[in-house]
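All ligand and atom numbering here is 1-based and tracks the order in the structure.
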Amino acid sequence: MSGLRRQIAAGLSVLAALTLLPRPAAAHALVLESSPRANEVVTVSPSRIFLSFNSRIEKALSGVTLRGPGGRPVPLLVTAPDPSPNHLALSLPALQPGEYLVHWKVLSADGHVTEGAFRFTLAPPP
Ligand SMILES: [Cu+2]
């Protein structure tokens, strides 16, 4: 092994050790609960999207987008702010049946940006 390779190998093992360290309890924001729930099939157009996180989030620097059937963006209406610092709630227009993708990206109180996505389906009328 050349000196450079040895240094790279040493660096990689330090990195590996760091990623194995336990994380602080105040972890970055993740969705604990949502409405609609991930992969839920709803029969009535939901009036809003609600996300509950495991920590407080910076709402001004956080956002949610919604894509509907065919990947078309769905406008999310400005709604009365949810008073909880852990919650995001957005009003929805009436939705057409089909599959929807909710994508959220938030800045949590610990300074980390996290993002995630989940789907729900609005079933066609019977
Ligand atoms: Cu974090």
Side-chain angles (χ1 to χ4, degrees):
M1 240 196 235
S2 74
L4 180 59
R5 274 171 191 271
R6 229 188 323 272
Q7 278 184 8
I8 289 171
L12 287 177
S13 53
V14 167
L15 259 183
L18 283 176
T19 52
L20 292 175
L21 288 176
R23 301 300 167 98
H28 38 254
L30 295 169
V31 171
L32 291 182
E33 197 187 327
S34 70
S35 175
R37 296 187 308 274
N39 303 315
E40 185 176 2
V41 178
V42 295
T43 54
V44 175
S45 181
S47 62
R48 65 178 196 157
I49 291 174
F50 170 78
L51 300 171
S52 176
F53 293 88
N54 62 334
S55 70
R56 53 182 304 140
I57 55 172
E58 294 298 335
K59 295 190 188 191
L61 298 170
S62 300
V64 178
T65 60
L66 179 66
R67 288 188 178 275
R72 286 188 298 278
V74 177
L76 296 170
L77 309 176
V78 175
T79 186
D82 190 296
S84 166
N86 292 25
H87 294 168
L88 274 182
L90 303 125
S91 295
L92 293 174
L95 302 179
Q96 301 299 313
E99 192 177 72
Y100 288 82
L101 178 68
V102 179
H103 178 254
W104 54 268
K105 187 171 184 179
V106 301
L107 176 63
S108 54
D110 72 358
H112 291 143
V113 173
T114 50
E115 62 186 308
F118 63 91
R119 291 173 197 280
F120 71 88
T121 300
L122 175 58

Taking just the N, O or S atoms of H112, which one is nearest to the Cu ion (ligand 1)? ND1

Will you find, in the side chains of D110 and S108, an N or O donor that is under 3.5 Å from an N or O acceptor? yes

Spacing of OG belonging to S55 relative to CG belonging to N86, to within rounding of 0.5 Å: 6.5 Å

Taking the side chain as everything from C-beta on, heavy atoms only, tell me whether T121 gets closer than 4.5 Å to E40. no

The Cu ion (ligand 1) -> H28, closest N, O or S atom is ND1

Output for pair (H103 NE2, T65 OG1), nearest 0.5 Å, gives 6.0 Å

Restricting to N, O or S atoms of D110, which is nearest to the Cu ion (ligand 1)? OD2

